[in-house]
There are 2 protein chains.
Amino acid sequence: MPAKVKKTNPSMLDVARFAGVSIATVSNVINRPEKVSEATAEQVRAAIAELGFVRNDAARSLATGTTSSIGMVLADLDNSLFVDMAHGAQRGVDAVGLRLLLGNAACDLTRQDDYLRLFDEARVGGVLLSPMEDSLAGIERMRSHGRPMVLLNYDQDGIDCCTVLVDNEEVGYLAARHLIETGRKRIGFVAGRDYYQPVHARRVGVQRAVREAGGARLEEIDTGGLDFEDGLAVARALGERPPGQRPDGIVAVTDDIANGIAEGLHTAFVAEVPGDISIVGCEDNRSARSGPVALTAVQLEGVRMGQAAAELLLEEMNAPAGEHRHRTVTVRPGLVVRASTAVAPLGV
Amino acid sequence: MPAKVKKTNPSMLDVARFAGVSIATVSNVINRPEKVSEATAEQVRAAIAELGFVRNDAARSLATGTTSSIGMVLADLDNSLFVDMAHGAQRGVDAVGLRLLLGNAACDLTRQDDYLRLFDEARVGGVLLSPMEDSLAGIERMRSHGRPMVLLNYDQDGIDCCTVLVDNEEVGYLAARHLIETGRKRIGFVAGRDYYQPVHARRVGVQRAVREAGGARLEEIDTGGLDFEDGLAVARALGERPPGQRPDGIVAVTDDIANGIAEGLHTAFVAEVPGDISIVGCEDNRSARSGPVALTAVQLEGVRMGQAAAELLLEEMNAPAGEHRHRTVTVRPGLVVRASTAVAPLGV
DNA sequence: CACCCTTGTTTAAGCGCTTAAAAGATTGCT
DNA sequence: AGCAATCTTTTAAGCGCTTAAACAAGGGTG
């Protein structure tokens, strides 16, 4: 239908010619309007509108050596923790007029690396990364190129980077304390083996809460993995015990496990949640909705993590060369009470 | 700590000098290695590694006039429909080696516009947009600049763009038919007024299903809005009727309403879900987890929408100038059965 | 009225890369 | 040895923008 085939977008030169001024004037109209008389500015604006001119950002950033965007690579957008982080980062970055570009690694290390490379090549102002495990190579490459970067939720020694962490021990502590405060006495901590660092920290927190409380007992139940199915398996195992031998409050190290347990207990009529057994998750992941009950959970405060990360990044970006000192910010988690926990029935 | 302050990243020229070759050779090593003898290539690669050279994408895309990324602007990442779309788009775009950059408008029209402008200035190969309402201005600006773009989930006349839609009438139809097939007779359709196009289409689908089925009755219940609270209000209203006067199957036009109803019925002990009343949502939004029961829902197939959109976009990008004809692809929704619906108890 | 400010506009030199075309090396063949 | 054909490398001209510096044209001043 369009008879006129736009070969290529109009350039500043086209605008300049059309408006009868020089190219520098066009640039000034766009970037430093105060340097231009209102009359010419008006003409130039008219030309821009008429021609549908759009500034070529590649040329601009080549000429200036700057970009106005920062890149964020997320491990998995299906996990609401990362979406929250993106929100927080957005907020922190908006405040100074930068734009946040998102790349979803979708649990694929190669893709994470691709995005890092992309942002590196695009010379973004800085990079926010919530790395998957084993991301050291990519992280170090980025670092060695001198690009500002801050890591989210990656607790590993020897990384030369600002980092935002959540206090995972506190996560476990809050979860267990909530159960104890609502009258639960036999606390179960359900988790996989501790090869994964946050699991270990949460365990320590749970142990501390139980110890502090005095009256309660702790049973640690190990699963193979961290998924819904592992929770189902735990529920099955629990079903084979006499009711008195079961925990009356469970801290599940992931929301998926928690939902699995709730589902398993429910469908096999093993126990009522929260009547017989209260369950607390440890992530407050919005997307975990496979369970039959709204989950009480300790929430990782992704938004605050993202915002803190953005602030650290800006700090690094603005530090005079060589002046920057890496920091680690630890965000405190918070408890969100929903339907999967309740005060223990008297005398049970 | 680092004594040497990297002023600026090394350029191709630095690499060339270091390797003792010309800059064109470096470029060739990177882009057309077959044109270079293995010996020099090796030297150049060594120099690249040694200097930590990273190709400046701005310069590259300025020189070539191309980019390898396409931009996607999402209305709201908190809504899993859009996350799914991103997944689908990723898949479609990966297939041809392009990179997907995401911008989250987070329900803010200004931000959506900012991202569109950003991608426009970055001369991305194309744009995928799931527009919020009233996005015409932004869409048309983009169009007039000749940038390939496809719209997701935006059913509006007069937009000169490829579009991917979901068959919303089918959404309503599937939801209602499921209720009827599981023995429900008194179907309630809960929705706000039809100013919002998908609401209307879903209503039509529900009506059709009820009509076709013969034995069932339809009651249309209007809410002010489309949120959780509106669902709660409906539950309250239902609670004031005698049980026999209530629907035994409800199609809620959004998941939020559905969850609100389920929650309201549950906490006020009005009725059992799904025992007394089955409830179906119309989005299958992963993030809607406020309800007490896992929701049966018609799923909008965001992944397929995203992938279809990517394919349409590639089609437009590859079409010889002026040859492209806009198309609309309609994706069929699918039913996902969970705990909020069940076969009606006999004799009820 | 020669001089210095302002204010507004243009000139021109890049930014770091790609790429067609030119130039050099090598090789094979007569 | 001489020459064409082939392979490898370099030269050089941009891509579209920014920006320091040069220039022009009016005013005040003294």
Side-chain angles (χ1 to χ4, degrees), chain A residues 6-45 47-48 51-68 117-118 120-125 145 147, chain B residues 6-45 47-48 51-68 117-118 120-125 145 147:
Chain A
K6 295 203 179 180
K7 205 59 251 139
T8 175
N9 305 50
S11 73
M12 264 193 178
L13 191 58
D14 298 320
V15 173
R17 278 205 268 263
F18 191 95
V21 298
S22 85
I23 185 177
T25 298
V26 177
S27 176
N28 281 334
V29 169
I30 294 175
N31 301 308
R32 303 117 102 187
E34 76 282 0
K35 310 227 113 192
V36 178
S37 77
E38 187 47 40
T40 31
E42 197 41 60
Q43 279 178 53
V44 170
R45 274 188 233 110
I48 287 177
L51 267 39
F53 166 77
V54 176
R55 138 133 94 10
N56 183 326
D57 189 58
R60 187 190 113 94
S61 77
L62 181 56
T64 63
T66 65
T67 358
S68 62
R117 204 179 317 269
L118 175 69
D120 206 6
E121 294 189 352
R123 299 285 193 272
V124 294
H145 296 340
R147 192 156 310 287
Chain B
K6 294 204 179 180
K7 204 59 249 139
T8 175
N9 305 51
S11 73
M12 263 193 179
L13 191 57
D14 298 321
V15 174
R17 280 205 267 262
F18 191 94
V21 298
S22 85
I23 185 178
T25 298
V26 177
S27 176
N28 280 335
V29 169
I30 295 175
N31 301 306
R32 304 117 103 186
E34 76 283 0
K35 311 226 112 190
V36 179
S37 77
E38 186 47 39
T40 31
E42 197 40 61
Q43 278 180 54
V44 170
R45 274 187 232 110
I48 289 178
L51 266 39
F53 167 77
V54 177
R55 142 136 89 9
N56 183 326
D57 190 59
R60 187 190 113 94
S61 80
L62 180 56
T64 62
T66 65
T67 358
S68 62
R117 204 179 317 270
L118 175 68
D120 206 4
E121 295 189 351
R123 300 285 192 272
V124 294
H145 296 162
R147 192 156 311 286

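Each chain gets a letter, A, B and so on, in the order the sequences are listed, and its residues count up from 1. All values below come from the heavy atoms of this structure, side chains included, with hydrogens, waters and symmetry mates left out.
Between A:Leu62 atom CG and D:dT19 atom P there is a gap of 12 Å when expressed in whole angstrom units. In this structure, B:Asn28 places its CG atom 11 Å from C1' of C:dA20, rounding to the nearest Å. In this structure, B:Lys35 atom NZ and C:dT18 atom P are separated by 15 Å, rounded to whole Å. Rounded to whole Å, atom P of C:dC15 lies 16 Å from atom CE of B:Met12. For the pair A:Ile23 CD1 and D:dG16 P, the computed distance is 10 Å after rounding to whole Å. In this structure, B:Glu42 places its CD atom 13 Å from P of D:dT9, rounding to the nearest Å. For the pair B:Leu13 CG and D:dA12 C1', the interatomic distance rounds to 14 Å; values are reported in whole Å. Taking atom CZ of B:Arg32 as the reference point, atom C1' of C:dA20 lies 9 Å away to the nearest angstrom.
Within the 4.0 angstrom heavy-atom criterion, only backbone atoms of the sugar-phosphate kind lie near A:Thr40; the bases stay farther away. Among the atoms of the strands shown, base atoms are found under 4.0 Å from some heavy atom of A:Ser27.
Shortest non-hydrogen contact noted between B:Arg147 and B:Val124 is NH1-O, 2.9 Å. Closest of all the heavy-atom pairs between A:Ala47 and A:Phe18 is CB-CD2, 3.5 Å.
Applying the 4.0 Å criterion to OP1 and OP2 of C:dT18, one finds that B:Asn31 has a side-chain N or O inside that range. The shortest distance between the side-chain N/O atoms of B:Arg123 and the OP1/OP2 oxygens of D:dG16 is not below 4.0 Å. The shortest distance between the side-chain N/O atoms of B:Ser37 and the OP1/OP2 oxygens of D:dT9 is below 4.0 Å. When the side-chain nitrogen and oxygen atoms of A:Ser22 are compared with OP1 and OP2 of C:dT10, one or more of them lie within a distance under 4.0 Å. Taking only side-chain nitrogens and oxygens, A:Thr64 never comes nearer than 4.0 Å to OP1 or OP2 of D:dT18.
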Output field dot_bracket for DNA chain D (Watson-Crick or G-U, both distances under 3.5 Å, | for other-strand pairs) contains ||||||||||||||||||||||||||||||

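With respect to A:Arg45 and A:Glu38, a salt bridge is recorded, a charged nitrogen being found less than 4.0 Å from a carboxylate O.
Counting only heavy atoms from C-beta on, A:Ala24 has its side chain closest to C:dT11 among D:dT11, C:dT18, C:dT11. If you check C:dT10, D:dT9, D:dC17 against the side chain of A:Arg55, the one that comes closest is D:dC17.
Using a 4.5 Å heavy-atom cutoff, the side chains of B:Val15 and B:Val29 are not in contact. Within the 4.5 Å cutoff, no side-chain heavy atoms of A:Val36 are placed close to those of A:Pro33. Side-chain contact check for B:Thr66 versus B:Arg60: some heavy-atom pair is nearer than 4.5 Å. The closest side-chain heavy-atom distance from B:Val54 to A:Arg123 is below 4.5 Å.
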